[in-house]
2 protein chains.
Amino acid sequence: MFEKYVRLLKESQIKITPQRLEILKYLDEHRTHPTVDEIYSALKENNPALSKTTVYNSVDILLNHGLIQSITISGSELRYDFKHGMHHHFLCKKCGEIIDINVECPNLGSMLECGHEVEEVHGYFKGICKKCSKGETNRNGS
Amino acid sequence: MFEKYVRLLKESQIKITPQRLEILKYLDEHRTHPTVDEIYSALKENNPALSKTTVYNSVDILLNHGLIQSITISGSELRYDFKHGMHHHFLCKKCGEIIDINVECPNLGSMLECGHEVEEVHGYFKGICKKCSKGETNRNGS
DNA sequence: TATTAAATTGTAATAAATACAAATTAGAAA
DNA sequence: TTTCTAATTTGTATTTATTACAATTTAATA
């Protein structure tokens, strides 16, 4: 059940707690780029004692150890993503969905030559997603 | 003095007000990716009656008409950038500076093929900038 | 099992952004 | 030029994401 996440936390020398395991598992199994509030609401179902501060603390430590990444695409709140291979993101301005875009960053090479130490690469595209531009229903009901 | 910005606003059919001219001019002349608060503080010097709400309203309308762009790289606040040619951004985690990176986005072609209508492209890199990695002084004093 | 540093919880505080009503103004029409 | 009106500006109040912090609890080591 949690072996994978126990291993990940041990490898990063992060103290293992049920909360951290649940949060890491949730992010691995829900690739929806949830906010802290969304993670909190989902996990509170099975753990009513969960505190939102714990979710904030936990995503911070997971972030600092590189197990997850934060996504700033929306500009109004931070979203989190289990770290699986390099990919970019597309934000639909109509339905709000954030879609994974599986491309590499061809600029990384030239970035390495310009003297800055690059630790993170984020590619964000914004517009209207395939579904919405076909006129299908979306969460805004428009 | 303001001819350029009068022309830009007219072309976009935005009503011309002194506040909008000042804000647009400020962004054109200060490529530091300022926050609303920074724009507000700077312009309040010469116009003590300026309201922060006006700055919020103005950057919104300039944004909607494509004269400026918003930058979400920091995750804690929105920053604004006069729209000049395509470029990416680098955020230094040490000094906080946001540096323009003059590269195109080679992924745009493949993005156009995946069915989403792309309206914006943002390339963000994070790490330690050239200056800071050389151990020079920075605004954090570290 | 006992110990202790670290984590969790809950409340309070902060700060960016938004909502909104009243006063002002840009720009079109007379 | 003057009048008019919708749009803009202003200032205050509110909302919401995030951070700060103290008290309680717990993971993991000895």
Side-chain angles (χ1 to χ4, degrees), chain A residues 2 5-24 26 33-65 67-68 70-80 96 98, chain B residues 2 5-24 26 33-65 67-68 70-80 96 98:
Chain A
F2 286 103
Y5 311 108
V6 170
R7 182 163 37 79
L8 283 172
L9 293 182
K10 269 190 184 156
E11 282 168 5
S12 296
Q13 304 192 29
I14 302 172
K15 194 176 277 190
I16 293 154
T17 70
Q19 293 88 343
R20 289 173 180 176
L21 289 171
E22 288 286 0
I23 290 166
L24 193 52
Y26 184 84
H33 321 97
T35 60
V36 160
D37 199 64
E38 285 166 351
I39 300 167
Y40 169 72
S41 299
L43 299 183
K44 205 172 171 60
E45 298 267 314
N46 287 317
N47 176 12
L50 182 65
S51 163
K52 199 180 282 187
T53 301
T54 300
V55 182
Y56 274 106
N57 290 339
S58 297
V59 296
D60 273 355
I61 200 167
L62 296 175
L63 197 58
N64 291 336
H65 286 80
L67 294 176
I68 65 176
S70 67
I71 297 174
T72 65
I73 195 168
S74 96
S76 62
E77 83 270 292
L78 286 172
R79 295 181 166 275
Y80 296 91
I98 294 173
Chain B
F2 286 104
Y5 311 108
V6 170
R7 181 162 38 78
L8 283 171
L9 294 181
K10 271 191 182 154
E11 281 168 6
S12 295
Q13 302 192 30
I14 302 172
K15 194 175 276 188
I16 293 155
T17 69
Q19 293 85 346
R20 288 172 182 176
L21 288 171
E22 288 287 0
I23 291 165
L24 194 51
Y26 184 85
H33 321 97
T35 60
V36 159
D37 199 64
E38 286 165 351
I39 300 168
Y40 169 72
S41 299
L43 299 185
K44 206 173 170 59
E45 298 266 315
N46 287 316
N47 175 12
L50 182 66
S51 162
K52 201 181 279 188
T53 303
T54 299
V55 183
Y56 275 107
N57 290 340
S58 298
V59 295
D60 273 356
I61 200 167
L62 296 175
L63 198 58
N64 291 335
H65 287 81
L67 295 178
I68 64 175
S70 67
I71 298 174
T72 64
I73 194 168
S74 97
S76 61
E77 82 270 291
L78 286 172
R79 293 180 167 273
Y80 296 92
I98 295 173

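Below, read A as the first sequence line, B as the second, and so on, with proteins coming before strands; counting in each chain starts at 1.
No more than 12 heavy atoms of other residues, nucleotides or ligands sit less than 6.0 Å from atom NZ of A:Lys10. Other residues, nucleotides and ligands place no more than 12 heavy atoms under 6.0 Å from the CD atom of B:Glu45.
Nucleotide D:dA28 holds its P atom 9 Å from the CG atom of A:Leu21, rounded to whole Å. As a whole-Å value, the separation of B:Ile39 CD1 from C:dA16 P is 13 Å. Atom NE2 of B:His65 is separated from atom P of D:dT8 by 9 Å (rounded to the nearest Å). If you measure from atom CG of B:Asp60 to atom C1' of C:dA16, you get 13 Å, rounded to the nearest angstrom. In this structure, A:Lys52 places its NZ atom 13 Å from P of D:dT19, rounding to the nearest Å. Regarding A:Tyr56, its OH atom lies at a distance of 16 Å from the P atom of C:dG10, rounded to whole Å. Residue B:Gln19 contributes atom CD, which lies 12 Å from atom C1' of D:dA7 at whole-angstrom precision. B:Ile61 places its CD1 atom 13 Å from the C1' atom of D:dT9, with the value rounded to the nearest Å.
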Before giving the answer on side-chain contact (heavy atoms from CB on, under 4.5 Å), spell out for B:Thr54 and B:Thr17 the whole-Å C-alpha distance, their side-chain angles and the decisive distance to 0.1 Å. CA-CA 11 Å; B:Thr54 299; B:Thr17 69; over 6 Å; no
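At the heavy-atom level, B:Thr53 lies under 4.0 Å from base atoms of the strands shown. Among the atoms of the strands shown, base atoms are found under 4.0 Å from some heavy atom of B:Asn57. If you check every strand for non-hydrogen atoms under 4.0 Å, B:Ser76 touches sugar and phosphate atoms only. Counting any heavy atom pair closer than 4.0 Å across all strands shown, A:Pro18 reaches sugar-phosphate atoms only and no base atom.
For the pair B:Val36 and A:Ser58, nearest-nucleotide mapping onto DNA chain C gives the more 5' position to A:Ser58. Comparing B:Asn47 and A:Glu77 along DNA chain D, the residue whose closest nucleotide (by nearest heavy atom) sits nearer the 5' end is B:Asn47. Along DNA chain C, the nucleotide closest to B:Ile16 and the one closest to B:Thr35 are compared, and the more 5′ of them pairs with B:Thr35. For the pair B:Gly75 and A:Lys15, nearest-nucleotide mapping onto DNA chain D gives the more 5' position to B:Gly75.
The closest donor-acceptor contact from the side chain of B:His33 to the backbone of B:Ile98 lies under 3.5 Å. A donor-acceptor contact shorter than 3.5 Å is absent between the side chain of B:Thr35 and the backbone of B:Arg79.
Between B:Thr54 and the phosphate of D:dT10, there is a side-chain N or O to OP1/OP2 separation shorter than 4.0 Å. Residue B:Arg20 has no polar side-chain atom (N or O) positioned under 4.0 Å from OP1 or OP2 of C:dA26.
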